[in-house]
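First the proteins, then the strands, lettered A, B, ... as listed; each starts at 1.
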2 protein chains.
Amino acid sequence: MKQTISFNINSHIRRFTKGVAHQTLYQYSQAVSPHIAAEGNVLSYDLDRLQNAAKLSKQVISNERILKSVYDFASERASVGPGWLFIETAGGIHSPGPSGTTQADLYAALRCPVVLVGDWKLGGISSTISAFESLKIRGYDVESIVLFDDAKYGNADYLKDYFKQRHGLSVTALPMPPLRDNASSKEKDETSMLKYYLETSQTNAVQDTLNRLNNRHNARVKALENMAADAHQKIWYPFTQQQLLQTKDIVAIDSACGNHFQTLVAESTTLPNAKSLLQPSFDGSASWWTQGLGHGNSSLTLAAAYAAGRYGHVMFAGMIHEPALKLATLILDSFRNPRLSRVFFSDNGSTGMEVAVKMALRAARIRYGWSPDTKIDILGLKGSYHGDTIGTMDCSEPNIYNEKVEWYEGKGVWLDYPQIQCVAGEWQVQVPCEIEADHNQSFSHLSDIFNLGQRISRGDHKSYETYINSALRKYLDKGRKFGALILEPVVLGAGGMTLVDPLFQQTLVRVVRQNASLFGAVESSGFPDDDRTWQGLPVVFDEVFTGIYRLGRSTAASFLDSHPDISVHAKLLTGGLVPLCVTLASECIFDSFASEEKSDALLHGHSYTAHAVGCQVAIESLNQLQRMEKTGDWNWAKSNGWMQVDNSIHASLPQSPPQVWSIWPLSLVQWISLQTNRVAGVWALGSVLAIHLHAADGSGYTSSAAEGLRKRLLSGAEIGPGVSWNVHSRVLGNVLYIMGSQQTMEREVGEISDLLRAALKG
Amino acid sequence: MKQTISFNINSHIRRFTKGVAHQTLYQYSQAVSPHIAAEGNVLSYDLDRLQNAAKLSKQVISNERILKSVYDFASERASVGPGWLFIETAGGIHSPGPSGTTQADLYAALRCPVVLVGDWKLGGISSTISAFESLKIRGYDVESIVLFDDAKYGNADYLKDYFKQRHGLSVTALPMPPLRDNASSKEKDETSMLKYYLETSQTNAVQDTLNRLNNRHNARVKALENMAADAHQKIWYPFTQQQLLQTKDIVAIDSACGNHFQTLVAESTTLPNAKSLLQPSFDGSASWWTQGLGHGNSSLTLAAAYAAGRYGHVMFAGMIHEPALKLATLILDSFRNPRLSRVFFSDNGSTGMEVAVKMALRAARIRYGWSPDTKIDILGLKGSYHGDTIGTMDCSEPNIYNEKVEWYEGKGVWLDYPQIQCVAGEWQVQVPCEIEADHNQSFSHLSDIFNLGQRISRGDHKSYETYINSALRKYLDKGRKFGALILEPVVLGAGGMTLVDPLFQQTLVRVVRQNASLFGAVESSGFPDDDRTWQGLPVVFDEVFTGIYRLGRSTAASFLDSHPDISVHAKLLTGGLVPLCVTLASECIFDSFASEEKSDALLHGHSYTAHAVGCQVAIESLNQLQRMEKTGDWNWAKSNGWMQVDNSIHASLPQSPPQVWSIWPLSLVQWISLQTNRVAGVWALGSVLAIHLHAADGSGYTSSAAEGLRKRLLSGAEIGPGVSWNVHSRVLGNVLYIMGSQQTMEREVGEISDLLRAALKG
């Protein structure tokens with residue numbers, strides 16, 4: 001990318017480079033910023049390969065169209081055979097393109113290696129270094145810096161040292177071209193220019209630079225091709241039976257942009273004409289449920305870099321810094337739970353849940369006056385999952401994830417629950433036989449199931465109450481002590497991606513709170529009896545996965561209209577960039593640790609507690625997500641069958657039920673549910689689509705029923721001559737899920753839907 | 001900061017701003033980059049406030065001197081009373097200063113709010129945005145952008161929208177100044193310029209800008225002053241008994257640079273003349289043991305931002321990306337442990353140790369054919385500490401950190417051990433009475449204690465062997481089963497900052513490995529009997545704190561000359577920027593999880609496993625630290641009494657003992673040890689200094705013996721009129737430790753030493 005443009009490049013190249021194929025894709029007639037030129041000036045625009053470029057005025061060109069034309073030209077050249085291909089941009093690296101987007105952002109998706117044309121003039125050291133940094137923070141690899149040699153300013157000398165020392169990068173200084181002599185003939189001018197080009201192109205500087213670019217390219221391709229084999233030898237993968245993992249199954253990611261990875265096309269690809277090295281691969285697990293605002297989001301990058309520059313990481317115990325305090329305030333304000341007043345920071349959902357458990361058990365033990373060696377259980381739901389550390393594993397019933405872990409010891413009681421699925425076009429609440437309900441209930445809309453007020457007025461909750469009460473009494477009568485009710489509100493994630501009837505969870509919270517005397521005798525009367533004080537059991541909501549807009553709303557608790565006493569949030573908290581977790585608690589829980597004894601404190605804290613980078617990124621993420629909600633960025637999805645966006649149908653109800661919608665169109669969900677030969681049920685909420693398949697080998701984590709479907713999505717489709725695209729999805733036993741980010745676009749959803757329909761039919 | 005400088009600012013300001021105090025601190029006579037001017041041209045340099053600036057040639061000025069002169073001028077002006085103070089820099093934001101450092105880096109420590117002078121010319125949109133980004137990623141707050149209004153290029157219009165939308169920032173467009181008319185008289189020219197200044201300064205644009213700067217300044221000060229009170233209400237602090245924490249004790253951190261925080265001076269400061277709002281505060285806990293390469297290290301920032309831009313975070317299971325693979329390779333290569341071949345990523349030391357425990361227990365259970373429900377213990381040392389999650393808490397004997405945690409259940413046997421201290425000028429190995437050694441041993445140099453070969457040849461290890469063998473047999477005879485030997489090599493950190501005799505730990509590892517048959521009967525003969533196969537028990541080294549140069553060497557294991565089968569590294573891994581942990585394992589451990597069953601895999605993995613940002617930062621950190629070691633950056637410290645840097649005294653020994661040194665001078669350590677009325681013992685290694693004080697109330701976490709010393713260091717000292725400086729240190733019961741980064745400078749160590757000596761005397 002070069003810093004200035006001052007003459008007609010097209011004709012210049014034509015004149016001096018005989019036999020070199022070149023094409024000017026876009027050119028404005030005036031040397032001003034393209035966004036100005038596009039508004040009022042003449043554009044010579046030969047996307048359609050006209051020899052005499054079409055003259056268009058007021059031509060604003062979309063980013064997609066620009067990228068497409070670059071891509072098309074590159075593909076055409078590639079078909080000719082190997083060789084050099086340079087894409088030259090106009091203006092500085094942050095000069096706006098014809099759409100208004102600055103070029104550094106516009107071309108980031110291409111991730112071409114960059115030759116940065118530095119500035120030899122006064123101030124050029126500064127502008128060259130800054131330009132380099134703006135490229136670098138967008139993930140560009142600057143492979144070479146080229147500028148004119150100038151004795152007076154000496155920019156090249158300084159920059160050579162600077163980039164070598166700080167970035168191991170070579171700077172090439174080229175001799176100054178001859179001055180244009182307006183007095184002499186055009187012919188003479190051309191001769192001297194030609195001489196300059198001939199001489200310069202044979203210097204070591206130019207040859208070395210070309211060799212270096214060539215070597216770097218080859219090294220990059222080789223590294224990409226070797227990555228999987230190398231990883232197979234060195235990496236111990238999480239949640240992976242590596243004996244079953246072959247090198248060819250490991251996907252090499254070159255980079256990621258927006259909702260897509262850029263991945264190496266496997267040698268074994270089944271698409272007939274795949275020729276390209278890389279392909280876009282839709283990140284259909286939202287990178288393990290974290291991704292919300294797009295890969296390579298430059299606002300998040302800048303937030304991270306700002307905090308790194310301002311603080312690095314700073315010690316948190318006994319200290320405070322702006323990002324941590326701002327984030328704490330923002331979260332407490334925006335989650336709108338009047339119970340929560342305290343923020344504890346940790347590094348991931350698992351550690352955040354360990355903290356929550358420590359908080360809840362202590363609060364219960366103090367309230368009920370139990371001795372320190374009392375065996376205390378938690379109350380939860382079957383199939384729940386709260387993390388991989390052993391303390392949180394102990395919060396789940398024995399299951400595939402934990403039962404082979406030597407120190408695992410389930411410490412709780414787990415109730416069965418009714419779940420929701422769309423089956424053969426109909427929304428069902430499927431009630432397990434333990435609950436003596438009349439029968440499975442059917443609803444025409446998912447939002448009717450989430451309209452809890454209406455269902456309570458019909459008495460739908462009564463059978464739940466009866467079941468919960470009798471189950472509780474059974475365990476309590478045996479002398480079991482409970483220290484917490486722990487729930488993943490609305491969706492159980494790792495446990496099998498099941499959608500829980502929110503009425504059941506709401507009822508469970510109410511029963512626990514209304515029957516406090518069941519759980520223990522309150523020894524002290526020093527506990528205020530207001531609606532911020534926990535009753536019965538501390539209620540812990542694990543929103544690590546379900547919170548922060550994953551299901552379309554700021555909190556998953558709001559679907560239940562319940563306020564937990566402790567709430568844990570991670571994953572989307574940083575928009576999908578770095579690990580961070582917050583465990584929120586009520587003042588009443590916090591007070592359980594107050595004492596004159598240092599050792600009564602919550603003695604937990606990781607080194608990077610409330611690290612500034614994570615906090616700053618989280619502030620930026622939450623602000624972006626809240627802005628999207630406010631400005632109606634998801635209206636396209638909401639109106640795809642899920643709801644009337646203006647919400648007027650509910651205006652007459654005394655209490656509006658929560659908005660229930662998904663980026664996955666209702667029509668797609670219903671179509672999938674009708675593929676009854678393969679599909680047992682399906683649901684979608686927020687950015688999650690979960691397809692439960694019939695499993696001959698039984699459902700559960702070890703089932704392989706969904707594996708075939710995953711592979712078909714991974715095979716992908718051709719999107720151009722020799723160019724493929726695919727969807728990276730994940731399975732949990734017989735369940736295949738696809739999870740978009742909060743920035744997934746309607747067009748992307750359409751493409752995935754087509755692929756999915758074909759895969760389910762095929 | 002402005003983009004270009006083209007005329008004599010000094011005389012210009014003098015002419016047009018009557019009554020405004022101003023001073024040109026540095027000026028070169030030629031409009032070239034200062035680093036060029038400094039080399040060969042005339043500098044007008046009036047640091048000493050000469051009216052007729054001294055003419056110096058070839059004047060290269062150190063960064064410290066420049067900052068000092070800025071600071072002195074600012075202090076002088078502040079003493080006059082409130083008002084505006086602008087510091088104008090010359091050239092672009094990355095133009096090199098007289099020392100060669102670019103100005104954006106040079107002035108970062110001042111962290112002044114910035115008015116960025118944008119560029120109205122062609123290419124100016126790009127250079128203005130890039131300049132903004134280079135400032136932002138160094139933690140500057142750009143409060144305003146000012147540039148000339150120009151109708152042709154329209155930069156101001158574009159930049160107004162851009163910065164408002166993306167950064168909520170105002171851009172002020174000023175009318176173009178009148179062109180200098182060389183034909184007209186100087187007087188006429190001056191009149192027209194004066195008219196321009198008068199008119200422009202009364203425009204809304206200028207007044208609004210000044211108001212905004214004023215409001216932002218006041219808001220910034222107010223926010224700083226309110227932070228502690230706000231945090232006291234909202235934050236749940238780690239490892240803190242908050243009932244004992246008052247608002248006045250919470251330190252507000254404005255920013256951090258190098259080895260210092262910039263903290264709000266407490267109202268309660270005991271220094272008589274403290275007037276400044278902020279003070280530098282030495283980060284003497286290395287921000288909870290993480291800090292290595294300085295706060296606000298721009299190389300680490302760029303590494304983080306590059307990965308954020310290139311990837312964001314990308315899913316790791318079944319995939320591979322360059323930063324993760326490069327880091328894995330770099331670590332396996334540089335730790336030089338032939339046993340280790342696999343890298344498992346997690347988020348912090350605690351989760352990394354949970355992973356290590358899961359690995360070790362499985363390997364032992366499979367090898368020895370124990371049933372899944374066998375109760376398996378670990379073997380460790382008293383006072384060890386491995387993290388805050390419950391699984392790692394269970395690896396420690398009951399102690400202050402864990403015994404009140406409801407689900408804690410110690411699962412192991414913990415041996416007593418000999419520790420090392422400098423007492424009254426003498427290095428002692430203090431042997432507990434359980435070990436029937438002759439007596440405590442004294443050494444003249446710490447390096448003699450670490451010369452294990454020499455000590456073994458003298459038979460020092462024999463009493464250790466006897467003790468370990470008999471202790472093991474006692475528990476094994478009772479039927480206890482062990483699944484791992486877990487050690488923090490050389491230093492037990494959280495357990496009380498004690499230095500362990502490395503000979504004891506080496507002996508323990510050897511005894512465990514040489515007596516494999518003690519631990520179980522090997523059922524299968526399928527285990528290769530080479531030196532990469534674990535013997536006896538999987539040996540786990542928790543180097544979370546002690547590794548990666550914290551103790552002066554790449555690994556703490558190298559002090560023991562022992563190779564663990566599993567090794568855990570975090571904290572310094574990212575140089576002190578973001579959380580990341582690696583658990584390294586041998587192929588033999590890895591193979592224990594191989595099976596046809598998915599559920600036999602190591603089912604552990606956090607969402608942000610191997611997040612690209614952390615991995616890229618870790619690569620940069622390790623490279624920087626290795627470069628420092630190679631180029632002898634620590635020779636100043638090594639030669640401060642610890643060792644002869646050329647190491648020639650050991651050249652004749654058959655096996656050179658490891659280098660033992662600290663950034664804390666040996667003379668300081670010895671002086672401290674002689675304060676026997678207060679000091680029980682002291683040691684220093686790498687960047688750690690640990691002072692064990694006599695404790696009337698008994699040693700241990702709840703002791704308050706060291707609190708007084710900590711407070712005296714926190715009171716600090718005056719370093720200028722009204723300006724104070726202090727040291728933020730941490731205590732563990734009766735132990736006070738000060739931990740520098742790996743970039744702590746000799747000068748800083750000197751300043752802290754002086755303060756420490758005064759505090760210990762006082």
Side chain, backbone, both or neither of A/Asn402 within contact of chain B (heavy atoms, under 4.5 Å): neither
Using a 4.5 angstrom heavy-atom cutoff, name the option from B/Lys571, B/His94, B/Gln243 with the most pairs to chain A. B/His94
Separation of A/Arg365 CZ from B/Glu406 CD (nearest 0.5 Å): 4.5 Å
Is A/Val617 in contact with chain B via its backbone, its side chain, both, or neither, using a 4.5 Å heavy-atom distance? neither
Donor-acceptor pair between B/Asp141 and A/Tyr306 side chains, under 3.5 angstrom: yes
Pick from B/Ala223, B/Ala570, B/Ser341, B/Ala305 with the largest number of heavy-atom pairs that fall under 4.5 Å of chain A: B/Ala305
Residues which pass ring-ring contact (aromatic ring centres under 6.0 Å, His included) with A/His604, listed by chain and number, not counting sequence neighbours: A/His606
Best-contacting candidate, B/Ile250, B/Thr263, B/Thr290, against chain A by heavy atom pairs under 4.5 angstrom: B/Thr290
Euclidean distance, A/His167 NE2 relative to B/Ser299 OG, rounded to 0.5 Å: 7.0 Å
Kindly indicate, with the supporting measurements, whether the criterion side chain to side chain contact (heavy atoms under 4.5 Å, CB included) is fulfilled by B/Met315 and A/Ile253. CA-CA 10 Å; B/Met315 166 72 173; A/Ile253 302 183; 5.7 Å; no
Shortest non-hydrogen contact from B/Gly605 to A/Pro238? CA-CB, 3.6 Å
Stepwise side chain to side chain contact (heavy atoms under 4.5 Å, CB included) check, A/Thr102 with B/Tyr158: CA-CA 11 Å; A/Thr102 84; B/Tyr158 183 87; 3.5 Å; yes
Name the member of B/Leu293, B/Thr583, B/Leu245, B/Asp254 that forms the most heavy-atom pairs with chain A at distances under 4.5 Å. B/Asp254
Of the backbone (N, CA, C, O) and the side chain (C-beta and beyond), which part of A/Ser607 lies under 4.5 Å from a heavy atom of chain B, both, or neither? both
Going through the distances and angles, do B/Gln242 and A/Arg342 end up as a side chain to side chain contact (heavy atoms under 4.5 Å, CB included)? CA-CA 12 Å; B/Gln242 241 157 303; A/Arg342 291 278 168 182; 3.4 Å; yes
We want to know whether B/Ser130 and A/Ser134 form a side-chain donor-acceptor pair, criterion being a heavy-atom distance below 3.5 angstrom. yes
Are side-chain heavy atoms of B/Val251 and A/Ile320 found at a separation under 4.5 Å? no
Counting heavy-atom pairs closer than 4.5 Å to chain B, which one of A/Arg166, A/His611, A/Lys136 comes out on top? A/Lys136
Which answer fits A/Asp600, side chain, backbone, both or neither, if we ask what part of it has an atom under 4.5 Å from a heavy atom of chain B? both
From B/Glu354 atom CD to A/Ser350 atom OG, the distance as rounded to the nearest 0.5 Å: 7.0 Å
Donor-acceptor pair, B/Arg310 side chain versus A/Ser255 backbone, under 3.5 Å? no
Of A/Gln291, A/His728, A/Glu322, the largest count of non-hydrogen pairs under 4.5 angstrom with chain B goes to A/His728
Can you tell which of A/Asn297, A/Val357, A/Ile376, A/Asp388 has the highest number of heavy-atom pairs within less than 4.5 Å of chain B? A/Asp388
Determine whether the side chains of A/Thr389 and B/Thr389 contain a donor N or O and an acceptor N or O closer than 3.5 Å. no
State the OG-CG distance between B/Ser95 and A/Leu122, to the nearest 0.5 angstrom. 7.5 Å
Under 4.5 Å from any heavy atom of chain B - which part of A/Phe545: neither
Considering all heavy atoms, the nearest B/Gly309-A/Thr301 contact: N-OG1, 3.7 Å
What part of A/Ala252 gets closer than 4.5 Å to chain B, counting heavy atoms only: side chain, backbone, both or neither? both
For chain A, which candidate among B/Val613, B/Leu300, B/Thr329 shows the most heavy-atom pairs at distances under 4.5 Å? B/Thr329
If one checks every heavy atom of B/Ser285 against chain A at 4.5 Å, the contacting part turns out to be side chain
Tell me which of these, B/Ile129, B/Val544, B/Thr574, has more heavy-atom pairs under 4.5 Å with chain A than the rest. B/Ile129
Between A/Gly312, A/Ala594, A/Ser346, A/Gly391, which shows the greatest number of heavy-atom pairs under 4.5 Å with chain B? A/Ala594
I would like to know whether A/Thr351 and B/Thr351 meet side chain to side chain contact (heavy atoms under 4.5 Å, CB included); could you show each step before the answer? CA-CA 8 Å; A/Thr351 56; B/Thr351 56; 3.9 Å; yes
Would you indicate whether the side-chain heavy atoms of A/Trp288 and B/Thr609 approach each other to under 4.5 Å? yes
So for A/Glu403, is it side chain, backbone, both, or neither that comes closer than 4.5 Å to the heavy atoms of chain B? neither
Passes ring-ring contact (aromatic ring centres under 6.0 Å, His included), B/Phe593 versus A/Trp236? Steps please. CA-CA 10 Å; B/Phe593 290 78; A/Trp236 189 330; 5.3 Å; yes
Portion of A/Phe590 that has a non-hydrogen atom of chain B nearer than 4.5 angstrom: both
Checking heavy atoms, do the side chain of A/Arg362, its backbone, both or neither come under 4.5 Å from chain B? both
Applying a strict 4.5 Å limit to non-hydrogen atoms, the region of A/Ser595 in contact with chain B is both
Are A/Ile390 and B/Asp394 packed together at the side-chain level, in the sense that at least one heavy-atom pair is separated by less than 4.5 angstrom? no
For A/Phe316, give me all partners under ring-ring contact (aromatic ring centres under 6.0 Å, His included), at least two apart in sequence or on another chain. A/His321, A/Phe345, B/Tyr237
Between B/Lys358 and A/Trp407, is NZ or CZ placed under 6.0 angstrom from the six-membered ring centre and within 45° of the ring axis? no
Side-chain contact test, heavy atoms from C-beta onward, threshold under 4.5 Å: evaluate it for A/Tyr608 versus B/Asp347 and give yes or no. no
Measure the spacing between CG of B/Leu603 and CD1 of A/Ile400 and express it to the nearest 0.5 Å. 7.0 Å
Checking B/Ala231 against chain A: side chain, backbone, both or neither under 4.5 Å from a heavy atom? both
When A/Ala108, A/Gly576, A/Ala304, A/Gly575 are compared by non-hydrogen pairs under 4.5 Å with chain B, the top option: A/Gly576
For chain B, which candidate among A/Arg138, A/His295, A/Lys404 shows the most heavy-atom pairs at distances under 4.5 Å? A/Lys404
So for A/Leu332, is it side chain, backbone, both, or neither that comes closer than 4.5 Å to the heavy atoms of chain B? side chain
